[in-house]
Amino acid sequence: MAAQTKVPHLVNDKGVDKIKIGVKEFQCMGASPPFDHPHVFLDMGDETQIICPYCSTLFVYDGSLDQDESDPPSSIYVETSPPGAPAA
């Protein structure tokens with residue numbers, strides 16, 4: 001398995017109980033800003049699932065997903081501009 005070059009940030013804006021992801025190391029934000037909780041780094045290690053200590057979302061590793069994929073798909077957070085940057 002190739003090393004990750006970027007740590008994905010995940011959100012649970014839909015409030016689902018479980019999110020399938022293609023990585024074992026990531027940051028949970030809880031929800032998209034400005035409703036996010038402290039961004040916590042989570043590492044599953046040898047396990048295949050982990051619960052966020054802030055929002056209680058269950059994250060389940062799914063090897064069929066790429067590192068930039070999740071189920072539901074809207075759970076990968078993509079920042080479109082740096083915080084505080086003027087709108088384009």
Side-chain angles (χ1 to χ4, degrees):
M1 182 172 163
Q4 288 176 226
T5 57
K6 183 174 108 177
V7 176
H9 287 63
L10 291 136
V11 295
N12 190 0
D13 290 335
K14 293 187 176 202
V16 297
D17 293 332
K18 174 175 61 176
I19 297 174
K20 294 180 183 178
I21 55 177
V23 294
K24 288 189 165 195
E25 296 178 3
F26 60 96
Q27 285 192 24
C28 180
M29 299 171 54
S32 295
F35 306 107
D36 49 334
H37 63 52
H39 301 190
V40 58
F41 179 80
L42 299 172
D43 183 350
M44 291 184 199
D46 293 331
E47 301 298 319
T48 57
Q49 60 185 27
I50 195 167
I51 296 174
C52 176
Y54 283 94
C55 64
S56 300
T57 299
L58 173 64
F59 293 94
V60 178
Y61 176 72
D62 182 338
S64 69
L65 296 172
D66 286 334
Q67 74 177 24
D68 60 349
E69 293 181 313
S70 65
D71 180 16
S74 61
S75 298
I76 297 285
Y77 178 74
V78 178
E79 192 168 329
T80 54
S81 63

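Under the rule for a side-chain hydrogen bond (donor to acceptor under 3.5 Å, both in side chains), the partners of Ser64 that lie at least two apart in sequence or sit in another chain are Asp62. Residues meeting the side-chain hydrogen bond (donor to acceptor under 3.5 Å, both in side chains) test with Ser75, sequence neighbours left out: none. For Gln27, the side-chain hydrogen bond (donor to acceptor under 3.5 Å, both in side chains) test picks out His9, with sequence neighbours left out.
Across every non-hydrogen atom of Lys14 and Ser74, the tightest pair is CE-OG, 3.2 Å. The shortest non-hydrogen separation linking Ser70 to Ile19 is CB-CG2, 4.3 Å.
Once rounded to the nearest 0.5 Å, the distance linking OG1 of Thr57 with CE of Met29 reads 12.5 Å. Separating the CZ atom in Phe26 from the CD1 atom in Ile50 is a distance of 6.0 Å, to the nearest 0.5 Å. Atom CG in Asp71 sits 9.0 Å away from atom NZ in Lys18 (nearest 0.5 Å).
For the pair Phe59 and Cys28, the minimum side-chain heavy-atom distance is below 4.5 Å. Using a 4.5 Å heavy-atom cutoff, the side chains of Ile21 and Pro8 are not in contact. In this structure the side chain of Leu42 reaches within 4.5 angstrom of the side chain of Pro53, judged on heavy atoms. Contact of the Tyr77 side chain with the Pro33 side chain is registered, since non-hydrogen atoms from C-beta on lie closer than 4.5 Å.
Note on Leu65: it does not cluster hydrophobically with Val7, by side-chain heavy-atom contacts below 4.5 Å among ILVMFWY residues. The hydrophobic cluster containing Val23 also contains Tyr61, counting ILVMFWY residues as joined when their side-chain heavy atoms lie under 4.5 angstrom apart, directly or transitively.
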>> Checking Leu10 against Ile76 for the side-chain contact (heavy atoms from CB on, under 4.5 Å) test, could you report, in this order, the C-alpha distance in whole Å, the side-chain angles of both residues, the deciding distance, and whether it holds?
In response: CA-CA 5 Å; Leu10 291 136; Ile76 297 285; 3.6 Å; yes
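Hydrophobic clustering, defined by side-chain heavy atoms of Ile, Leu, Val, Met, Phe, Trp and Tyr closer than 4.5 Å, groups Ile51 together with Leu58, Val60. Residue Phe35 is found outside any hydrophobic cluster, as its side-chain heavy atoms come under 4.5 Å of no other Ile, Leu, Val, Met, Phe, Trp or Tyr.
Sorted by first and then second residue, the side-chain hydrogen bond (donor to acceptor under 3.5 Å, both in side chains) pairs involving residues 32-47 (not counting sequence neighbours) are Asp13-Ser32, Asp36-His39.
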